[in-house]
Amino acid sequence: NKTVPGRADVEIVAMASPVKVNMNNEIYNHLVNIHRCFNYENPEEIVENMINERKKIVESALIISAVKKRGNNIKVWSKRIAIISNNYLHFYRDSTDLTAEESLFLKDTKIVDMSEKAGEKFALELTNKFGYSLISFTTYECKEMWRECIECVVLACNANQESFELENVIIETKNKNSVLFNMEFSISDVNLKWFEKDMTPWIELNI
């Protein structure tokens with residue numbers, strides 16, 4: 001980079017404790033589909049990355065099956081492929097889609113049996129601070145299998161983790177000395193900002 005007179009160019013190399021950031025449903029869905037905002041010189045590369053990411057989700061899946069999902073805004077039931085993988089419930093329009101239409105982080109999910117009450121014979125309502133889903137299944141056995149899988153994931157999410165809730169972001173870490181940060185996400189190029197708890201700017205990253 002060209003040096004600007006009167007300004008020191010400083011490169012800082014540092015290491016931090018691993019931090020897992022679990023975002024709310026809306027932010028997560030925007031991030032995983034961020035590639036749609038850009039024009040790529042090599043579209044084959046982005047498709048390959050999407051294929052690999054979908055492959056990882058499928059390989060680590062706890063359960064995969066066809067379900068019906070009711071829309072959150074328009075209350076219409078639609079067929080979807082549902083996958084529970086890495087503590088997330090992913091919904092795909094069909095088996096050929098490379099990116100999820102919607103994803104729900106399952107931590108602290110409350111499960112309510114909505115059979116017969118939601119217009120479907122075997123239905124479950126999933127609710128937490130990250131989002132909401134109402135899904136139905138073809139049989140009672142399938143519904144109960146999904147209930148057990150979701151309950152297992154919820155228990156795993158809550159085990160041995162220290163959670164700090166911010167406005168739109170959950171930061172989870174086992175490091176007792178960790179510091180709370182707010183994160184702001186915006187798209188122009190790609191801009192990520194971290195703020196200390198009192199909103200003092202800490203790091204800005206432009207991609």
Side-chain angles (χ1 to χ4, degrees), residues 18-38 40 42-72 77-111 123-139 141-161 163 168-174 183 185 187 190 192 207:
V19 173
K20 182 178 180 181
V21 179
N22 294 305
M23 304 173 185
N24 73 12
N25 206 36
E26 184 177 359
I27 292 177
Y28 179 84
N29 289 327
H30 280 85
L31 279 176
V32 296
N33 292 303
I34 195 171
H35 62 276
R36 298 175 181 175
C37 302
F38 306 98
Y40 291 90
N42 186 1
E44 291 80 11
E45 182 178 350
I46 187 62
V47 171
E48 183 180 354
N49 290 338
M50 291 164 61
I51 291 173
N52 290 336
E53 184 62 28
R54 169 65 188 268
K55 184 179 179 181
K56 290 178 183 177
I57 290 174
V58 171
E59 288 176 347
S60 61
L62 179 62
I63 187 170
I64 304 174
S65 72
V67 302
K68 291 175 73 177
K69 180 182 182 299
R70 197 177 76 173
N72 294 338
W77 290 93
S78 303
K79 292 182 180 180
R80 294 291 183 266
I81 302 296
I83 302 176
I84 294 180
S85 179
N86 294 324
N87 301 334
Y88 280 88
L89 170 57
H90 302 283
F91 293 102
Y92 294 82
R93 286 184 176 272
D94 57 52
S95 59
T96 62
D97 274 5
L98 297 181
T99 56
E101 176 188 48
E102 183 180 336
S103 298
L104 175 66
F105 183 48
L106 291 174
K107 183 178 174 65
D108 296 328
T109 296
K110 294 180 180 179
I111 307 171
L124 293 176
E125 179 185 67
L126 311 178
T127 307
N128 61 30
K129 55 195 169 188
F130 307 103
Y132 166 89
S133 287
L134 183 58
I135 52 180
S136 71
F137 309 89
T138 54
T139 65
E141 290 74 18
C142 185
K143 181 195 72 173
E144 291 305 305
M145 185 182 300
W146 270 82
R147 183 204 296 272
E148 291 178 8
C149 288
I150 294 168
E151 288 174 346
C152 286
V153 172
V154 172
L155 287 174
C157 286
N158 293 338
N160 301 320
Q161 289 187 344
S163 298
N168 289 315
V169 179
I170 299 295
I171 295 180
E172 296 184 351
T173 176
K174 294 182 180 180
M183 188 180 78
F185 173 73
I187 297 179
V190 175
L192 291 172
I207 303 175

Exercise. Does Arg147 have any salt bridge (Lys or Arg N to Asp or Glu O under 4.0 Å) partners at least two apart in sequence or in another chain, and if so, which?
Worked result: Asp113, Glu144
Seminar exercise, completed: To the nearest 0.5 Å, atom CZ of Arg70 lies from atom OG of Ser133 at 11.0 Å
For this session: Please check if the side chain of Asn128 supplies one atom and the backbone of Phe105 the other of a donor-acceptor pair under 3.5 Å.
Result: yes
Seminar exercise, completed: Rounding to 0.5 Å, atoms NE2 (His90) and CD1 (Ile64) come to a distance of 10.5 Å
For this session: Kindly compute the distance separating NZ (Lys68) from CD1 (Ile135), expressed to the nearest 0.5 Å.
Result: 13.0 Å
For this session: Answer yes or no: is there a side-chain heavy-atom contact under 4.5 Å between Leu126 and Ile111?
Result: yes
Problem set entry | Nearest-0.5 Å distance that lies between atom SG in Cys152 and atom CG in Leu106 | 11.5 Å
Problem set entry | Side chains of Tyr88 and Ile57 in contact at under 4.5 Å (non-hydrogen atoms) | no
Exercise. Can you tell me if Asp94 uses its side chain to pair, donor with acceptor, with the backbone of Asp97 under 3.5 Å?
Worked result: yes
Problem set entry | Arg80 with Glu102: basic N within carboxylate O range, under 4.0 Å | no
For this session: Could you tell me which non-hydrogen atom of Ile83 sits nearest to which non-hydrogen atom of Ala61, and how far apart they are?
Result: CG2-CB, 3.7 Å
Exercise. Heavy atoms, side chains only, cut-off 4.5 Å: are Tyr92 and Arg54 in contact?
Worked result: yes
For this session: For Val154, check side chain to side chain contact (heavy atoms under 4.5 Å, CB included) against everything at least two apart and list the hits.
Result: Thr109, Ile150, Asn158
Problem set entry | Nearest atoms (heavy-atom pairs only) where Ala82 meets Leu89 | CB-CD1, 4.2 Å
Seminar exercise, completed: In this structure, SG of Cys157 is separated from CG of Asn87 (nearest 0.5 Å) by 3.5 Å
Exercise. CH2 of Trp77 to CG of Leu134: how many Å apart, nearest 0.5 Å?
Worked result: 3.5 Å
